[in-house]
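Working notes, beginning with the structure itself.
Any value given below was found using the heavy atoms of this structure, including those in side chains, with hydrogens, waters and symmetry copies removed. Per chain, numbering begins at 1; letters A, B, ... match sequence-line order.
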Amino acid sequence: MEKGLVSIDRWVKGSQAYFLTHLHADHTRGLSPLWTLGPLFCSPITARLLPSRFPGLDSSLIRVLEIGLTHSITLISKCSGSEVHILVTPIDANHCPGAVMYLFRGEFGTVLHTGDFRWELDSERAQLARRNLLDALGGERVDLLYLDNTYCHPFFSFPTREVAAQQVVDFIKQHPNDEIIIAVDNLGKENLLVYISQALGVKIWVWPERLKTMHILGLDDIFTTDTSLTRVRAVPRYSFTLDTLEGLNTICPTIGIMPSGLTWGSLAFEKDIGYVGLSESEGHSGEKSKNNRKRSTNGNIKLAGDQIKPPWKFQEYSYSFPYSDHACFSEIQELMRTVLPKNVFGIVSASSFDIHPCHHFDNLNCELCTVSGSEISTKVRGNHLDASFRNKLNRRAVLHQNLNRSNVKCGRHLQPSASKTNRNEGCTEKG
DNA sequence: GCGATCAGAT
DNA sequence: CACATCTGATCGC
């Protein structure tokens, strides 16, 4: 596609149409309530959430695209001055509420931008997304795939969110006398909270802004801002620190739950970074015991591959569960097989795992793209990357070893500096 | 004083 | 590390 026509999650001058995949902050950098640069295309749910994120945003610029339908857009080529017809099909990305992928078709070829996505094909929702995608493709391959490569490495293996949610529920049930806090962002992981609420028959505390978001999403009776009503609270991830947990534990026993795909991989396991089997975990006693710390290194069960069982105790009071809103490697693999991209470009370039996606998909006959800014500038074959690939893998291994050591030292590296106070007391305090 | 941008933090 | 987010400093208007 020629330059100057469309931007996806990119909010700078120079395009005629702007597409938003979802409302996470790292995809809206540059977008502000003063936005005037062009029409903003998004899904219906994103459109409903937009005013709360960007109060005063000119609503006449918002173009709502129904998911699964193909929409026709006409733009003007800056090169030739002639009309450019673009077909765009938003596909449910199964990431956070409102998140979509965009499939673009036109004379330029077929381009799929996944935004951030999950691809759990045993869920009906993802099956429908896959059908919509295949229908829109009509048997064609994707020429250029912009891929959510967050977990694009065989290293990353974790279960579906439903399985992970059940693991969280089982864990909470095993700790009936503890307060529970769960780290979440401003958007996403709602289904985990709903699942917990329904399984345990409790409401979930959220901070006031988050409650507004829940109401916009139509989740009316499950959440509360009254801490006296429940022992389960969702708190902003940035307030989820060792300091916060220690502080809370001086008042009453409190366990932190970190839902994330980040730490769930087979390499981490080989390096023995301290997974704790579910049956091995024990009731939280509230004591800052060296025993507990020992448990995360000495008491873990060594399992292999998909036998890994959460939770992983990564801090004195905190456990990680493999609940991820990003696709694991096998799901990325499935998407690649579905669209058979001729060229691939990873959209998460800041990741330490920025090995090019094609490295893992030699058999797909796809080109390796590197980028300069937002423009695709060169295309080279992938095999020469072996050295850097190994380096990055080694770096990751060292990283996880360090992580392990830090855990033994009670997460020293995660402690905020002594001068810092808890920035979000209001979100975590009792009463 | 406000918005944009960046560094630094978890 | 950094899934995404927040705070605080700085700069230009």
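Paired with A:Glu331 under the rule salt bridge (charged side-chain N to carboxylate O under 4.0 Å, His left out), one option of A:Arg130, A:Arg337, A:Arg118 passes, and it is A:Arg118.
Using a 4.0 Å heavy-atom cutoff across all strands shown, A:Asp325 reaches no nucleic acid atom at all. If you check every strand for non-hydrogen atoms under 4.0 Å, A:Ser32 touches sugar and phosphate atoms only. At a threshold of 4.0 angstrom between heavy atoms, the contacts of A:His27 with the nucleic acid are absent. Nucleic acid contact for A:Arg118: none, since no nucleic acid atom lies under 4.0 Å from a heavy atom of the residue.
Distance CG (A:Asp243) to C1' (C:dT7): 16 Å, rounded to an integer number of Å. Distance, A:Gln315 CD to B:dT10 P: 11 Å, rounded to whole Å. In this entry the distance linking CZ of A:Arg29 with C1' of C:dT5 reads 9 Å, nearest Å. Residue A:Asp9 contributes atom CG, which lies 11 Å from atom P of C:dA4 at whole-angstrom precision. When rounded to the nearest whole Å, the span between CZ of A:Phe240 and P of C:dC3 equals 17 Å. Nucleotide C:dT5 holds its P atom 8 Å from the CZ atom of A:Arg237, rounded to whole Å. Rounded to whole Å, the distance from OH on A:Tyr317 to C1' on B:dT10 is 19 Å. Separating the CG atom of A:Asp26 from the C1' atom of B:dA9 is a distance of 16 Å, rounded to the nearest angstrom.
Between C:dC1, B:dT10, C:dA4, one nucleotide has an atom nearer to the side chain of A:Asp116 than all others, and that is C:dA4. Which of C:dT5, C:dA4, B:dT10 sits closest to the side chain of A:His22 comes down to C:dA4. Here C:dT5 is the nucleotide among B:dG3, C:dT5, C:dC3 with the atom lying nearest to any side-chain atom of A:Ala25. Closest approach to the A:Tyr238 side chain among C:dC3, C:dC6, C:dA4 is made by C:dC6 (side chain taken as heavy atoms from C-beta onward).
Applying the ring pair (Phe, Tyr, Trp, His ring centres under 6.0 Å) test to every pair with at least one member in residues 112-133 of chain A, sequence neighbours left out, gives these pairs: A:His113-A:Tyr146.
Distances shown here put a side-chain N or O of A:His326 below 4.0 Å from the OP1 or OP2 atom of C:dA4. Within the structure, a side-chain polar atom (N or O) of A:His24 is placed less than 4.0 Å from OP1 or OP2 of C:dA4.
The base of C:dC3 lies outside donor-acceptor range of the side chain of A:Ser324, with no N or O pair under 3.5 Å.
Once rounded to the nearest 0.5 Å, the distance linking OG1 of A:Thr110 with CG of A:Asp143 reads 5.0 Å.
Taking the salt bridge (Lys or Arg N to Asp or Glu O under 4.0 Å) definition, one finds that A:Glu209 meets it with A:Lys212, sequence neighbours left out.
Ion pairing between A:Asp178 and A:Arg231 fails under the 4.0 Å rule for side-chain N and carboxylate O.
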